[in-house]
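Here's the structure, in structure tokens; my notes come after.
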Amino acid sequence: MKALILSGGKGTRLRPITHTSAKQLVPIANKPIIFYGIEAIRASGITDVGIVVGDTEAEIRAAVGDGSAFGIRVTYIRQDAPRGLAHAVKVSQGFLGEDTFVMYLGDNLILDGITPLVEEFRRDRPNSQILLARVPHPEEFGVAELDGDRIKRLVEKPKEPKSDLALVGVYMFDATVFQAVKAIKPSARGELEITDAIQWLIDKGHTVRPHVIDGWWKDTGKLEDMLEANRIILDTLVPRTDGTIERSDITGKVVIEAGARVVASSVRGPAIIGKGAQIENAYVGPFTSIGDGVIVRGSEVEHSIILEGASISDIGGRIESSLVGRNVSIYRSQHKPRSFNFMLGDRSEVGLI
Ligand code: DAU
């Protein structure tokens, strides 16, 4: 069995971060999202993995490499434009051949992994197995209408959802899916939808098995979702201190990576302080990921993700529920007249008090 990870797409809902980086590489608890998917796939025993890439191919390659660091073998598959999940399957036929495969959306996180689900698929051999989860806003997802154990209908982002069962971004298929992706037509949003391909399989009498999961799952397309994922994953960390702590209070689950320095500060977990980060005269509150080389000085940060190389100095108030990009600098200016000075990327968002 092979795996196909989808890591193309545009990431429009996470701009401006995704102007300069692939959304699948935004870190959750200081680890790129896509690594969680790769680890889940490896844990299920699959080592032959195709990664569908688009414009951000170079970055994904730089981060994942040939896969040997994860114990897998990676084949990169170029998709010329994000023409839909079913299109991504179509362009991967050469790699997948006649094998069964699990398709994993590179921006999805499933806390409990996929091992039992892959085992179930291997054992029972339906043509396809889909995962469903109950969500509060089903209209943002593919939605399934069930009749007992049978799928009645699948609709992509319906305005009036018939249920609260969303399609999770992990699917299992055998080679009949290639007939489906070739038969369907682009949807109203101009994409070849995997949801339509699965509906085609059902309509033609192939077996598609639904599996409702009850563990935690997230599609990390938006800021709130990233922060929630960060919260959940940080809570699973095992506390550890490889860096140095001076005159500081550390409480709760906190990971302090090698080379990090926490001086005259208070850190309340769950939190992670990345390699070489400097926390000085500062407060780092629960559910915060401080990236490698970040500086937090004379400031307070809580429930946030601060990416590599950013620096936050002498801010009066507390930074909360924020995602701060790589090498961003936030500081208090001493010049007179006192004013706000910004240099913000396209679509940045600043909330002032
Ligand atoms: O997360 C689950 C949802 O994923 C399902 O409920 C929906 O039925 C399914 O269509 C999908 O919806 P999204 O609109 O969230 O998909 P998105 O465009 O965000 O793409 C998901 C991943 O696949 C993302 O990592 C980018 C990648 N991708 C996307 C497209 C459209 C590709 O690699 N190629 C593509 O052409």
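We count ligands from 1, going down the list as the structure has it; atoms in each ligand are counted the same way. Bear in mind the structure is a predicted one, so any value in this text is a computation, not a measurement.
Look at Ala166 and you'll find every heavy atom at least 4.0 Å from all atoms of ligand 1. Residue contacts with ligand 1 leave out Gly221, since none of its heavy atoms falls under 4.0 Å from the ligand. Heavy atoms of His87 come nearer than 4.0 angstrom to ligand 1 in no pair at all.
Taking any N or O of Ala81, backbone or side chain, none lies under 3.5 Å from an N or O belonging to ligand 1. For ligand 1, one of its N or O atoms has an N or O atom of Leu6 under 3.5 Å away. Distances between N or O atoms of Phe141 and those of ligand 1 include no value under 3.5 Å.
Within the 4.5 Å cutoff, side-chain heavy atoms of Met1 are placed close to those of Met172. Using a 4.5 Å heavy-atom cutoff, the side chains of Arg73 and Val49 are not in contact.
Nearest non-hydrogen protein atom to atom 8 (O) of ligand 1 is Glu156 OE1, 2.7 Å. Counting only heavy atoms of the protein, atom 12 (O) of ligand 1 lies nearest to Lys157 NZ, 3.4 Å. Ranking protein heavy atoms by distance to atom 34 (N) of ligand 1, first place goes to Gln79 OE1, 2.8 Å. Among all protein heavy atoms, the one lying closest to atom 20 (O) of ligand 1 is Leu85 CD2, 3.9 Å. Considering only non-hydrogen protein atoms, atom 5 (C) of ligand 1 sits nearest to Leu167 O, 3.3 Å. Nearest to atom 26 (C) of ligand 1 among the protein's heavy atoms is Gly8 O, 3.3 Å. Among all protein heavy atoms, the one lying closest to atom 22 (C) of ligand 1 is Asp107 OD1, 3.8 Å. When only non-hydrogen protein atoms are considered, atom 19 (O) of ligand 1 lies nearest to Lys23 NZ, 3.2 Å.
Using a 4.0 Å cut-off between a side-chain N of Lys or Arg and a carboxylate O of Asp or Glu, Arg318 and Glu302 qualify as a salt bridge. Between Asp80 and Arg83 there is a salt bridge, since a side-chain N of the basic residue sits under 4.0 Å from a carboxylate O of the acidic one. Between Glu257 and Lys275, none of the side-chain N atoms (NZ, or NE/NH1/NH2) sits under 4.0 Å from a carboxylate O, so this pair counts as no salt bridge. Ion pairing between a basic and an acidic side chain is recognised when a charged N comes within 4.0 Å of a carboxylate O; Arg297 and Glu280 show such pairing. Taking a cutoff of 4.0 Å between a charged side-chain nitrogen and a carboxylate oxygen, Asp66 and Arg61 do not qualify as a salt bridge. Checked for salt-bridge contact, Glu39 and Lys31 meet the test: a charged N lies under 4.0 Å from a carboxylate O. For the pair Arg78 and Glu57, the salt-bridge criterion is met [side-chain N within less than 4.0 Å of a carboxylate O]. Contact check on Arg261 versus Glu246 returns a salt bridge, with a Lys/Arg side-chain nitrogen under 4.0 Å from an Asp/Glu carboxylate oxygen.
Of the heavy atoms in Asn108, only side-chain atoms (C-beta onward) come closer than 4.0 Å to ligand 1. Only the side chain of Arg189 comes within contact range of ligand 1, with a heavy atom under 4.0 Å; no backbone atom does.
Checked options Lys218, Lys222, Lys23; the residue passing with Asp107 is Lys23 (criterion: salt bridge (Lys or Arg N to Asp or Glu O under 4.0 Å)).
Close approach of ligand 1 to Gly106 (heavy-atom distance below 4.0 Å) involves ligand atoms 25 (O). Of all atoms in ligand 1, numbered sequentially from 1 with element shown, those under 4.0 Å from a heavy atom of Asp219 are 1 (O), 2 (C), 15 (O). Atoms of ligand 1 lying under 4.0 Å from at least one heavy atom of Thr195, given by number and element, are 8 (O). Annotation for ligand 1: atoms under 4.0 Å from non-hydrogen atoms of Pro82 are 35 (C), 36 (O). Heavy-atom proximity to Arg83, at under 4.0 Å, picks out these atoms of ligand 1: 36 (O). Atoms of ligand 1 found under 4.0 Å from any heavy atom of Glu191 (numbered from 1 in listed order, with element): 31 (C). Under a 4.0 Å criterion applied to the non-hydrogen atoms of Ser7, ligand 1 contributes the atoms 33 (O).
Aromatic rings of Tyr104 and Tyr171 (six-membered ring for Trp) have centroids beyond the 6.0 Å cut-off, not under it.
Heavy-atom contacts from other residues, nucleotides or ligands closer than 6.0 Å to CZ of Arg125 number 12 or fewer.
Using a 4.0 Å threshold on non-hydrogen atoms, atom 15 (O) of ligand 1 counts as touching the protein.
If you chain together hydrophobic residues whose side chains sit under 4.5 Å apart, Ile279 and Val294 fall into the same group.
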